[in-house]
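To start, the structure under review is shown below, and the notes come after it.
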Protein chains: 2
Amino acid sequence: MAEEHATKQFIRNAARRLFAERGYNAVSMRDIAGAIGKQPGGIYNHFPSKQTILVDLMEENLTRAHAAAIAPLPDTDPVARLEAFVRGHVKHNIENPDDIFIAYMELRSLEAEGAAQIMSKRNAYEAALRAILRDGQKSGAFTFADPAIHARAILSMLGGVTVWYRDTGAQSPAVVAENYVQAVLQSVGVPYSAPTKGQ
Amino acid sequence: MAEEHATKQFIRNAARRLFAERGYNAVSMRDIAGAIGKQPGGIYNHFPSKQTILVDLMEENLTRAHAAAIAPLPDTDPVARLEAFVRGHVKHNIENPDDIFIAYMELRSLEAEGAAQIMSKRNAYEAALRAILRDGQKSGAFTFADPAIHARAILSMLGGVTVWYRDTGAQSPAVVAENYVQAVLQSVGVPYSAPTKGQ
DNA sequence: TAAACGAATGAACAGTCATTCATTTCTGAG
DNA sequence: CTCAGAAATGAATGACTGTTCATTCGTTTA
């Protein structure tokens, strides 16, 4: 529980915003320093390299994604688990658009060491969804051909939320989550109609 | 129909491969020149700038995507049109993975002028899918809440194909397309079972 | 108050970038 | 064979890159 200088968090916040906005390669250490009103050299008192900032951001995001979508899953039937997964995932995506965008776009900006670390965490997350799909397929609740393909199709669909959610401030997160719950459940062959809202 | 020097196409091909592999910002004009065994200065005989190469690639891709997924749509019921759209879209994605990847990842590398041009073509493509969804919703064939959200959810799902298709050479394009047709049709509430292949 | 130490400065370093350009080489028409 | 114009060269330009470092500043401990 090492005490952390406030500047370190300022650097994280500025880097997150800038990486998401322009892309890792298009952001310079001078940009990050300028965004927090500091000189570039000072960043190296808190992070050993630019690459380390990126890995730090991705790592933290995956930890929180797991806590939001995987950890609190009920131990009940596949339909309830898939629905809870979608809600947790969409909620996390909507609440952390910059982190999600970076996680998706900057995988190839990772150098070997960080890449292995991040990919391993990522795979664990995807495996959790695959397990739900396989259970539902085995029990006859779900209808689809290939669990691996379908897991990726679902994650792609859900991952798209942040690509466009900024633009359309119109819908509330709850409404968006509702749409995705329906889309995902129907995509595995489970009929679904919204619970409260008319129609 | 201006005669085009062969070098111009070599530049396009090299740039496409490199942009997809490392990202626009991580590729230098020297890289592109080196990939075709030329000197960097010579590229400027064919393209006025690095940015122009990117816009050229994206423009061409959108033209071919339209020809593959929108232009040949039948004038029949929404279910048949949606199915045909998915098949055309997935086929185009699988056959042009580098172009699709660039179109998706490098939107923010576009400068103002090119961005407007590309976004306009992109929007037209998305609108064509929205029209199908609205028709199906109106006729009662489809079940979902919001056509705009659902159109984007579908495009996100389909766009994910190329993110992972390289890795899994296992499935044939036809099998993959079949999986996506089922996922998309079921996502709009239309029951679907594969036509020939057993179960 | 004094010593100590992390944080911040801002100049400097070596390298890379897109682009320009005078020059040379290639190619095809007359 | 000539010669014009396109294509290619390769060195040069000026701007920008991540990182280093001697130095100064600020704050906390003794």
Taking only Lys NZ, Arg NE, NH1 and NH2, and the carboxylate oxygens of Asp or Glu, determine whether Arg87(A) and Glu178(A) approach each other closer than 4.0 Å. yes
Sort out for me which residue in Lys50(A), Arg22(A), Lys38(A) forms a salt bridge (charged side-chain N to carboxylate O under 4.0 Å, His left out) with Asp31(A). Arg22(A)
So does Thr7(B) get a side-chain nitrogen or oxygen closer than 4.0 Å to the phosphate oxygens (OP1/OP2) of dA7(D)? no
Less than 4.0 angstrom from a charged side-chain N to a carboxylate O is my criterion; do Arg81(B) and Asp75(B) meet it? no
Using a cut-off of strictly less than 4.0 Å between a heavy atom of the residue and any atom of DNA chain C, enumerate the qualifying residues of residues 51-59 of chain B by number. none
Calculate the interatomic distance between Arg30(B) atom CZ and dG15(C) atom C1'; express it in whole Å. 11 Å
Heavy-atom nearest nucleotide on DNA chain C taken for Pro48(B) and for Lys38(A); more 5' hit belongs to Lys38(A)
Results of side chain to side chain contact (heavy atoms under 4.5 Å, CB included) for Asn61(A) - residues two or more places apart only: His92(A), Asp99(A), Ile100(A), Ala103(A)
Would you call Glu4(B) and Arg12(B) a salt bridge, using N to O less than 4.0 angstrom? yes
Out of dA7(C), dA8(D), dT19(C), minimum distance to the side chain of Tyr44(B) belongs to dT19(C)
Any idea which of dA7(D), dA8(C), dT19(D) is nearest the His46(B) side chain? dA7(D)
side-chain N/O Ser49(B) vs dA18(C) OP1/OP2, d < 4.0 Å: no
Tell me if the side-chain of Asn45(B) makes a donor-acceptor pair with the base of dA6(D), cut-off 3.5 Å, by modelled atom types. no
What is the distance, to the nearest angstrom, from the CD1 atom on Ile32(A) to the P atom on dG18(D)? 8 Å
Using a cut-off of strictly less than 4.0 Å, decide whether Ser28(B) has a side-chain nitrogen or oxygen near OP1 or OP2 of dT16(C). no
